[in-house]
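See below for the structure under consideration.
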Amino acid sequence: MGPIYSFADFVDMVRRRLSIIFRVFVLGCLVSLWFAASQQHEYETAEVLQIARPQIAGELAKSTVEGSSARRMQLIEQRLMARGTVLEIIEKFGLYADQPSLTPLQKVAMLRHSVRITGVAAAREGFSDDGTISVLTITARMPTAKQAQQVAREFGRRTIELSQASRIAQARETLNFFAEKEAALSEQVAALEDEIAAYRLEHEVALPGTIEFRREEIATMNQGLLEIARERIEIRRAADQAQAEERPATARRMLAEFEQKLKTLDAQEALLSQRKAALEESLQTTPEVERQLGAYDRRMEQVQAELARMTARRNEAEVGFRLETGRQAERLTILEPAPLPDYPVTGSRKNKALIGAAASLFLAFAVAFVLELRHPVLRTAAQMQRETGLLPVVSIPMMETAPRRRGISGLLLRLLPWHRSRGTG
């Protein structure tokens with residue numbers, strides 16, 4: 001320790017350097033008091049939001065809003081901390097009004113630093129983590145308790161509104177997409193039907209339903225022609241039998257009747273044959289027309305299958321949109337509203353002042369010790385024997401030539417290092 005080897009040396013150093021110790025200590029105390037007085041108290045409060053599960057099971061009615069809740073909360077936090085949103089909150093509650101020298105950018109940075117948004121992950125299922133959040137905590141630290149509560153609740157309210165608006169917007173966009181796709185496919189089906197009808201009309205091809213009907217009609221006419229042929233055979237046999245067995249007058253009368261029946265059958269056969277020929281002619285198509293009609297049918301089947309899928313998707317999107325607008329899907333709810341804090345979270349000013357005073361006292365002793373190291377002087381016989389190994393023969397005490405002053409001023413003058421000195425020889 002240089003010139004300080006014992007407690008007596010330390011006491012002697014304190015006595016001689018009391019002036020500088022006192023001045024450093026007083027200056028340090030003043031600085032500590034100024035620093036403690038300049039420190040502003042801060043209050044902290046938190047609002048807890050819970051991510052509630054859907055009211056209807058996903059197997060029965062599934063929402064169209066996909067993605068993990070952690071990613072959605074991250075996007076919402078980015079929108080909350082945007083400069084425009086932060087400036088709106090600052091203006092709404094008059095934050096930092098007591099600091100007019102701050103620029104808007106500085107105010108935005110201070111509020112961003114004062115608000116924290118943290119999430120608690122939900123319990124994992126097995127070894128997989130689906131990125132689901134169960135609880136969201138919004139913590140605000142402000143100069144006053146009222147401002148801390150207002151800011152925390154404002155951020156909580158905006159978080160819920162942004163979450164609901166983003167989910168509804170995503171569900172609406174999904175519904176609009178599938179509805180537009182369904183409408184486009186419906187128009188494509190109608191246009192394809194018009195094209196097929198125009199092609200059939202151009203090539204004099206009957207419609208698919210008409211073809212089956214006409215084929216059935218041709219089959220019926222063939223059956224009628226067979227019946228007519230059978231009746232003609234029966235009539236001719238009856239005429240031959242009457243001519244052979246009946247009297248001539250009776251036979252002539254019966255033959256005349258048979259002749260009338262045959263004429264009727266001939267007329268019916270001619271009519272059916274003519275109708276049949278017309279139907280068969282209307283069913284005759286070329287191979288190129290058949291190939292084109294087959295291509296039309298395949299295109300129609302593909303478009304109709306895609307239309308059916310889009311209709312099913314649109315129905316699912318409509319159900320998801322209704323779940324979101326009715327707030328029956330996943331949603332944010334306030335679990336614990338932000339309370340009004342009772343005490344500041346920053347340290348007490350008195351404690352800071354006391355800590356500063358203790359640090360000032362330590363610094364004062366350190367300065368006195370450094371001064372002793374810079375000006376080493378042998379002041380006692382023990383120090384001289386310790387440093388040189390020589391025992392002094394005579395020790396001359398200090399002689400006071402000035403009149404002795406009484407009171408506190410005299411005591412201070414006697415303690416000053418330049419007023420009193422001690423020599424050894």
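Only heavy atoms go into these numbers, but all of them, side chains included; no hydrogens, no water, no symmetry mates.
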Once you round to the nearest 0.5 Å, how far does CD of Glu259 lie from OG1 of Thr264? 10.5 Å

If only atom types and distance count, is the side chain of Gln106 paired as donor or acceptor with the main-chain N or O of Thr103 below 3.5 Å? yes

Could Glu154 and Arg157 be called an ion pair, given the rule that one side-chain N must be under 4.0 Å from one carboxylate O? yes

CD/Glu161 to CD1/Ile76 distance, rounded to the nearest 0.5 angstrom? 11.5 Å

Does this structure show an ion pair linking Arg322 with Glu318, if we count only N-O contacts that are shorter than 4.0 Å? yes

Going by atom type alone, with no hydrogens or angles, which donor-acceptor pairs under 3.5 Å involve a side-chain atom of residues 303-311 and a protein atom two or more places apart or on another chain?
{"residue": "Thr311", "atom": "OG1", "partner": "Glu182", "partner atom": "OE2", "Å": "3.1"}
{"residue": "Thr311", "atom": "OG1", "partner": "Leu307", "partner atom": "O", "Å": "2.8"}

Arg83 CZ: over 12 foreign heavy atoms closer than 6.0 Å: no

Considering all heavy atoms, the nearest Leu102-Tyr96 contact: CD1-CB, 4.2 Å

With a 3.5 Å cut-off and sequence neighbours excluded, list the donor-acceptor pairs that the side chains of residues 135-147 form with protein atoms.
{"residue": "Arg141", "atom": "NE", "partner": "Glu44", "partner atom": "OE1", "Å": "3.1"}
{"residue": "Arg141", "atom": "NH2", "partner": "Glu44", "partner atom": "OE1", "Å": "3.0"}
{"residue": "Thr144", "atom": "OG1", "partner": "Gln147", "partner atom": "N", "Å": "3.2"}

Do other residues, nucleotides or ligands put more than 12 heavy atoms under 6.0 Å from the CD atom of Gln274? no

Check against side chain to side chain donor-acceptor pair (under 3.5 Å), Tyr199 and Gln292: CA-CA 9 Å; Tyr199 184 82; Gln292 186 63 31; 5.2 Å; no

For the student: nearest non-hydrogen atoms of Ala46 and Pro339, plus distance: O-CD, 3.7 Å

Output the distance between atom CG (Asp266) and atom OG (Ser273), rounded to the nearest 0.5 Å. 10.0 Å

Please report the shortest heavy-atom distance between Arg314 and Phe178, naming the atom on each side. CA-CB, 3.8 Å

Testing the basics here: between Ala148 and Thr45, what is the closest heavy-atom pair and its distance to 0.1 Å? O-CG2, 3.3 Å

Could you check whether atom CZ of Arg313 has more than 12 heavy atoms from other residues, nucleotides or ligands sitting under 6.0 Å from it? no

Separation between CG (Leu332) and CZ (Arg72), nearest 0.5 Å, reads 9.0 Å

Can you tell me how far the CD atom of Glu195 sits from the OH atom of Tyr296, to the nearest 0.5 Å? 3.5 Å

I would like to know whether Met81 and Val115 meet side-chain contact (heavy atoms from CB on, under 4.5 Å); could you show each step before the answer? CA-CA 9 Å; Met81 294 302 174; Val115 178; 3.8 Å; yes

Just wondering, do Arg232 and Glu269 contact through their side chains at under 4.5 Å, heavy atoms? yes

Can you confirm whether Thr174 sits close enough to Phe321 that some side-chain heavy atom of one is under 4.5 Å from a side-chain heavy atom of the other? no

Taking C-beta and beyond as the side chain, do Lys92 and Ile89 meet within less than 4.5 Å on heavy atoms? no

Would you mind reporting whether Met73 and Glu77 have side-chain heavy atoms less than 4.5 Å apart? no

Sequence neighbours excluded, which residues qualify as ring-ring contact (aromatic ring centres under 6.0 Å, His included) partners of Phe22? none

Would you say Glu91 has more than 12 foreign heavy atoms packed within less than 6.0 Å of its CD? no

Is there side-chain contact between Ser163 and Arg167, with heavy atoms separated by less than 4.5 Å? yes

State, to 0.1 Å, how close Leu162 and Leu80 come at their nearest heavy-atom pair, and which atoms those are. CD1-CD2, 3.7 Å

side-chain contact (heavy atoms from CB on, under 4.5 Å) evaluation trace for Ile160 with Ile334: CA-CA 9 Å; Ile160 294 175; Ile334 299 178; 3.6 Å; yes

Among residues at least two apart in sequence or on other chains, which ones pass side-chain contact (heavy atoms from CB on, under 4.5 Å) with Leu272? Met221, Leu225, Ile228

Which atom pair, heavy atoms only, marks the closest approach of Asn222 to Lys276? OD1-NZ, 2.5 Å

Return the set of residues passing side-chain contact (heavy atoms from CB on, under 4.5 Å) with Gln78 (not counting sequence neighbours), or none when no residue passes. Gln74, Leu75

Less than 4.5 Å apart, any side-chain heavy atom of Leu87 and any of Pro104? yes

Sequence neighbours left out, what passes side-chain contact (heavy atoms from CB on, under 4.5 Å) with Glu193? Give chain and number order. Val189, Met300

For atom NZ of Lys261, is the number of surrounding heavy atoms from other residues, nucleotides or ligands below 6.0 Å larger than 12? no

Here the gap from Phe25 atom CZ to Leu363 atom CG, rounded to the nearest 0.5 Å, amounts to 11.5 Å

